[in-house]
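Taking it in order: structure first as structure tokens, then the write-up.
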Protein chains: 2
Amino acid sequence: MKVDVNVFKALSNQTRLDILQWLKDPEREITSVSCETVRFMMDERGGICVQDLVKKAGLAQSTVSSYLSMMEKCGLLISERHGKWTYYRRNESEILGLSEKIKKEL
Amino acid sequence: MKVDVNVFKALSNQTRLDILQWLKDPEREITSVSCETVRFMMDERGGICVQDLVKKAGLAQSTVSSYLSMMEKCGLLISERHGKWTYYRRNESEILGLSEKIKKEL
DNA sequence: TTGACATATCGAAATATAACGATATAATAG
DNA sequence: CTATTATATCGTTATATTTCGATATGTCAA
């Protein structure tokens, strides 16, 4: 399988790169009530809701939402909706796969 | 060390991604006299001159030249000038390093 | 030194991305 | 059902990238 340019497009923006980092350790990076909620709701998978990422990023809600959707579309993130909230978390296997692809095919 | 967004910017373009692929096996991809020259001159390191990449890419010389310079600046390529020609080749250790960085830090 | 060729750089026009506010959609609480 | 809250989508404007042609720089051969 060829390396997909869209993954690199998603990664070619500092905020989106930051989001990926923040999602690595949500408990450290995000300190809000909804983080508690998510830990309960998503069975320790560590997702973060859009609001929390909006606060952290300091950009408009619409901007962050479309960033997240774009990162999900190219496989970097996984989203799960629970009631009003959409929780986003890293797609670790996809990220590891990217590392492998770069080593083998780039 | 943090992951640098500029490497992803360099990779977020299909032509630049292609160039990286072509440079993987110059003898297969590029069939021109200057390829012979480079093999002799660069001691089997397999660089390709700008002209050959211009032909292959089908874009203006100025476009390809600036792509190459950009990819060199962010560490993906190495250039070496021999007379009139500038030969570009992959910076394999940097590319491997990127793969590692993604696995560990992204 | 001059001419020819390879590459690099510059300036401009077309296209894409970034980012916003407004609005639409979805879900819950009352 | 309605108001409220969370997220997604749309339309717009500012900025960045793409790509070109023209030109500058560097190198070699005559």
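Protein chains get the first letters and strands the later ones, always in sequence-line order, with residue 1 at the start of each. If you're wondering where the values come from, they're calculated on a predicted model, not measured in any experiment.
As a whole-Å value, the separation of A/Gln14 CD from C/dA19 C1' is 16 Å.
Around the NZ atom of B/Lys73, the shell of radius 6.0 Å holds no more than 12 heavy atoms that belong to other residues, nucleotides or ligands.
For the pair A/Glu94 (side chain) and A/Ile78 (backbone), a donor-acceptor distance under 3.5 Å is absent. Side chain of B/Gln21 to main chain of A/Glu105: a donor-acceptor pair is present (N/O by atom type, distance under 3.5 Å, no hydrogens or angles).
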Taking it one step at a time, do A/Ser99 and B/Ser99 satisfy side-chain hydrogen bond (donor to acceptor under 3.5 Å, both in side chains)? CA-CA 5 Å; A/Ser99 162; B/Ser99 163; 3.2 Å; yes
Pairs under 3.5 angstrom only: tabulate donor-acceptor contacts from the side chains of residues 10-19 of chain A to other protein residues two or more places apart or in another chain.
unit_1  : atom_1 : unit_2  : atom_2 : d
A/Ser12 : OG     : A/Lys9  : O      : 2.8
A/Asn13 : OD1    : A/Thr15 : N      : 2.9
A/Asn13 : OD1    : A/Arg16 : N      : 3.0
A/Asn13 : ND2    : A/Tyr67 : OH     : 3.4
A/Gln14 : NE2    : A/Asp18 : OD1    : 3.1
A/Arg16 : NE     : A/Ala10 : O      : 2.7
A/Arg16 : NH2    : A/Lys9  : O      : 3.1

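Partners of B/Lys103 according to the salt bridge (Lys or Arg N to Asp or Glu O under 4.0 Å) rule, which considers only residues two or more places apart in sequence or in another chain, are A/Glu100. When the salt bridge (Lys or Arg N to Asp or Glu O under 4.0 Å) test is applied to B/Arg90, the partners found at least two apart in sequence or on another chain are B/Glu92.
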What string of B, S and - do you get for nucleotides 6-17 of chain C, 5' to 3', if B is base contact, S is sugar-phosphate-only contact and - is no contact with any protein heavy atom under 4.0 Å? SBBB-------S
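Protein chain B touches strand DNA chain D; the 5'-most and 3'-most nucleotides with an atom under 4.0 angstrom of its non-hydrogen atoms are D/dT17 to D/dC28.
With rounding to the nearest 0.5 angstrom, the CG atom of A/Leu23 is 11.5 Å from the CG atom of A/Asn91.
Contact annotation: the side chain of B/Ile48 never approaches that of B/Tyr87 to less than 4.5 Å [non-hydrogen atoms, C-beta and beyond].
Under the 30°/60° scheme for interplanar angles, the aromatic rings of A/Phe8 and B/Phe8 are found to lie parallel.
The C1' atoms of five pairs define one axis at each end of the helix from C/dT1-D/dA30 to C/dG30-D/dC1, and these two axes lie 20° apart (to 10°).
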